Amino acid sequence: MAGQVAMLVREVMSSPVVTVRRTDPVRRAVRVLYGHDITAAPVVDDSGRLVGVVSELDLLRGEFEPDPRATATPAPASAEPPPRLVLEVMTREVVTVTETTDVTTAIEFMVGRRVKSLPVVRGGQLVGMVSRRDLMAVLARPDDELRAAVVAALAEQYPSGPGWTVAVRDGVAELSGPPREPADHIAGLLARTVPGIVRVRHVRGQPGP
């Protein structure tokens with residue numbers, strides 16, 4: 001559909017993956033997420049197997065107590081000790097996707113489960129993470145960056161020609177030049193593989209470079 005991006009998870013996921021262990025102290029996990037500017041991380045056991053996901057909200061649980069300056073009646077201190085290890089706060093039921101999962105399916109999982117990121121697995125092995133931020137980054141790519149990526153993709157496939165004049169406006173790629181089949185069809189498919197390109201148009205009857 002015009003104006004929409006068709007994409008697989010492998011084209012937008014982040015890799016390698018920042019992980020924490022289930023036996024890590026909560027404060028160490030806090031520093032890992034904060035230091036890498038991420039909102040959640042997969043949790044692995046000692047063999048590297050995915051056993052859960054821990055988010056910023058999970059890690060904040062129990063780490064703060066009421067400040068007596070905030071109210072005229074001080075709240076009683078909690079009798080429960082704060083969580084010490086990641087395994088005490090992590091989410092164990094994890095929704096995962098694969099590298100070939102359609103991005104629209106990943107978005108449906110994020111909305112339905114109210115999560116900001118999903119682990120990406122291949123044959124049971126953790127290979128990446130896909131997040132809302134990753135998807136936003138694709139949509140935020142400027143047209144000149146997208147044009148350069150399309151030109152590079154075409155040049156890799158056709159180092160000696162044929163050539164096309166490439167323009168990108170609001171994520172729509174225009175390939176100009178005289179008709180060349182089947183090269184035009186292949187060029188259109190290559191342009192569509194560039195993350196952020198929403199549609200490809202062939203402008204006929206104009207001379208190539």
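What you are looking at is a predicted structure, and each value in this text was computed from that prediction instead of being measured. Values reported hereafter were calculated over all heavy atoms of this structure, with side chains retained and with hydrogens, waters and symmetry mates removed.
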With a cut-off of 6.0 Å (strictly less than), are more than 12 heavy atoms of other residues, nucleotides or ligands near CD of Glu181?
yes
Please answer whether the main-chain N or O of Leu8 pairs with a side-chain N or O of Glu11 as donor and acceptor at a distance below 3.5 Å.
yes
Verify side chain to side chain contact (heavy atoms under 4.5 Å, CB included) between Trp164 and Val151, making sure each step is shown before the conclusion.
CA-CA 9 Å; Trp164 292 266; Val151 169; over 6 Å; no
Worked verdict on Glu56 versus Leu33 for side chain to side chain contact (heavy atoms under 4.5 Å, CB included):
CA-CA 7 Å; Glu56 292 172 318; Leu33 267 64; 4.1 Å; yes
Looking only at non-hydrogen atoms, find the nearest pair between Val17 and Pro42 and report the distance.
CG1-CG, 3.6 Å
OG (Ser14) and NE2 (His36) are apart, to the nearest 0.5 Å, by 11.5 Å
Heavy atoms of other groups near Arg201 CZ, more than 12 under 6.0 Å
no
Would you say Thr105 and Asp102 are linked by a side-chain donor-acceptor pair, where the criterion is simply a distance under 3.5 Å?
no
Whether over 12 other heavy atoms sit under 6.0 Å from Tyr158 OH:
yes
Take Glu174 and Val168, measure what side chain to side chain contact (heavy atoms under 4.5 Å, CB included) needs, and give me the verdict at the end.
CA-CA 6 Å; Glu174 293 185 353; Val168 177; over 6 Å; no
Determine the minimum heavy-atom distance between Leu87 and Arg92, stating which atoms define it.
O-NH2, 2.9 Å
Go through Leu50 and Val43 one step at a time and tell me if the side chain to side chain contact (heavy atoms under 4.5 Å, CB included) criterion holds.
CA-CA 6 Å; Leu50 179 68; Val43 182; 5.9 Å; no
